[in-house]
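Throughout, a chain's letter reflects where its sequence line sits, starting with A, and its residues are numbered from 1.
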Amino acid sequence: MLSLAHLDKVYPNGAHALDDVSLDVGAGEIVALVGGSGCGKTTLLRLVSGLEAPTHGEVRVDGEAISAPHPAVGFVFQEPRLLPWLSVAENIGFGLEHLPAGERRDLVEEALLKVGLAGYGSRWPRELSGGQAQRVSIVRALVTRPKVLLMDEPFSALDALTRATLQDHLIALWEASQPTLLLVTHDVEEAAALADRAVVMQPRPGRVFADIPIALPRPRDRLSSGFVEAKRAVLAALDGSLSQPIGGRTSSDSQAPAGWW
Amino acid sequence: MSDMPIARKTTARMPARSVSARLGGGFVYGLLLPLAAAVIYEAAFRAGLVQARLLPPPSRIGETLWKLASSGALTTHVIATLLRVGLGFGLGAIIGVMLGALTGSSTLARRLLDPTLQALRAIPSLAWVPLFILWLGIFEPSKIALIAVGCFFPVYLGVMGAIANVDRKIVEVGRAFRLSRLKLARRVLLPAILPDTVVALRSGLGLGFMFVVAAEIMGASEGLGYLLVDGQQLGKPDQILAAILCFAVLGKAADWLILVATRPLLSWQDSFARSG
């Protein structure tokens, strides 16, 4: 459904962010991209979104090549990035401008209800907490009903408790329309809590290191042995990806292990 | 804008009391200092403590103002001055916003135009006066040109800087939602630069009042600046002070108008000044 074929990305400054990354994601699948900093996971997400173009290779959604932001692909940024001059309701409706006002209002109301922010529609973004703002930003992307939702470490700025709550929220939202979800994270627990598959990436240049299926039923119990086992598997792969001597590269590249935190 | 109905609801939600308190309450506080100074000086004058030949007491300034007002002369002078400021500021601000938007949004335009404009900015605006008089004559056009030049630069700089400072991350949201260039400008860039643009317009207007005085001192038969020169030549300090008072009131009122007119558009701002 979402297919990345031989993606290469070299930035104008010579940084080699991605090297021959291929990945196939099925419809409705949740894939977590896990990796240390500098492994190109954010770059990968931006290529899929069409915000940046790959140097080589291509991204296809249902067979259609992505070369610029596409209506079938939604993006949730690391920060909420709400427009401060629009009310919460207007922010959610930002991508719905083409719809008639009544229909837009209904969709926005429904979205607010779904994320537990009913009655918050007329507030300004500055009046929201970090967790609330990120919830608004998630429904802003979801309300246009994208087939693919991309999320770039959406919960990394939040405290652990809020993060766990929002992860549950996200799964509830996802279940309603079941978009394909590609989620970048550096949090192993987050990958185990959300994903059907964890794709562990290796830095300098970014490549796929391991593809770990997480076949746990939802809702997931974070204390179950299966969950702990999944976390351990992802963590082990992550450790492997960072300590693996990189073939043909100088040893100065292996400063990565300290950096991924 | 099609988002408007929701926006109106949002502003209406603001309690009316706090708005009136911010306008009315602040107004009273602001008057305390000048009124107290006037009362003290008046008292000192009545008690014979000060020599009033060069600094007439408030009562005499008020009397002069009243005479000017009742003869209709004050209205003529005020209208002449406001017309010049209005036309000059309007002209300078419009060109400033347009050129600032151009150089702010296009690197090519900035490289081509900005160095020249910065060099022109380095010329004291009053240096243009002889040239403007030669080109445009001694009457209104040369005065308005001078005011327009004075207003242009702060507006131009402010708008250009505002566009350059728009958060790249917010612009990217617009791109992710596939906004066309025009829609990106209308729905993202325009609201984002509005606060800085208002500040730029206010400083431009302030300079407008500065240059209208310069223009009127150099040669005019009416206007508040003319009242200043006339008062100096005929030794009437009360008339000079009356004109100065008018400038203070008009300048403050014009600035306040910009603030009030743009406040509904800026009520979203999350800044230190709002919380005060």
Side-chain angles (χ1 to χ4, degrees), chain A residues 45-46 48-52 66 68-105 108-109 112 119-128 133 137 140-141 143-144 146 149-152, chain B residues 1-16 18-19 107 162-163 165-198 262-276:
Chain A
L45 212 59
R46 295 176 63 87
V48 178
S49 73
L51 284 169
E52 281 178 39
I66 300 284
H70 189 276
V73 182
F75 202 106
V76 176
F77 297 93
Q78 194 167 356
E79 325 79 12
R81 300 201 189 179
L82 303 181
L83 306 185
W85 51 85
L86 296 182
S87 70
V88 168
E90 290 165 323
N91 264 292
I92 295 176
F94 190 74
L96 300 174
E97 223 213 5
H98 52 284
L99 297 180
E103 198 174 327
R104 189 170 61 220
R105 193 158 43 234
V108 168
E109 281 304 318
L112 280 167
Y120 281 66
S122 60
R123 303 218 179 171
W124 297 117
R126 65 180 152 91
E127 296 170 306
L128 301 181
S137 117
R140 176 178 65 183
V143 80
T144 62
L149 183 65
L150 309 171
M151 305 182 91
D152 186 7
Chain B
M1 205 185 290
S2 50
D3 305 331
M4 258 342 209
I6 317 183
R8 210 172 298 128
K9 210 191 304 165
T10 325
T11 38
R13 196 176 49 78
M14 266 173 63
S18 85
V19 173
T107 315
I163 292 180
N165 284 337
V166 172
D167 190 353
R168 179 190 59 78
K169 291 179 170 178
I170 291 280
V171 176
E172 210 169 68
V173 172
R175 283 189 57 213
F177 278 99
R178 301 173 310 286
L179 298 189
S180 63
R181 274 184 78 90
L182 198 67
K183 282 197 172 160
L184 192 70
R186 181 170 70 77
R187 299 183 65 194
V188 178
L189 294 179
L190 202 64
I193 66 167
L194 202 59
D196 286 350
T197 304
V198 169
T262 53
R263 182 172 288 144
L265 298 172
L266 297 179
S267 50
W268 52 269
Q269 274 191 295
D270 183 11
S271 58
F272 174 67
R274 276 185 57 84
S275 58

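Of all heavy-atom pairs between B/A176 and A/P69, the closest is O-CB, 4.0 Å. Between A/R81 and B/K169, the shortest heavy-atom contact is NH1-O, 3.2 Å. Here the shortest heavy-atom pairing between B/I170 and A/L82 reads CD1-O, 3.6 Å.
Separating the CD atom in A/E90 from the CZ atom in B/R187 is a distance of 9.5 Å, to the nearest 0.5 Å. To the nearest 0.5 Å, atom CD of residue A/E52 and atom CD of residue B/E172 are 7.5 Å apart.
For B/P191, the side chain to side chain contact (heavy atoms under 4.5 Å, CB included) partners two or more places apart in sequence, or in a different chain, are A/W85.
Using a 4.5 Å cut-off between heavy atoms, B/L179 touches chain A through its side chain atoms alone.
For the options A/P71, A/G50, A/G95, heavy-atom pairs under 4.5 Å to chain B are most numerous at A/P71.
Counting only heavy atoms from C-beta outward, the side chains of A/S137 and B/V173 never approach each other to under 4.5 Å.
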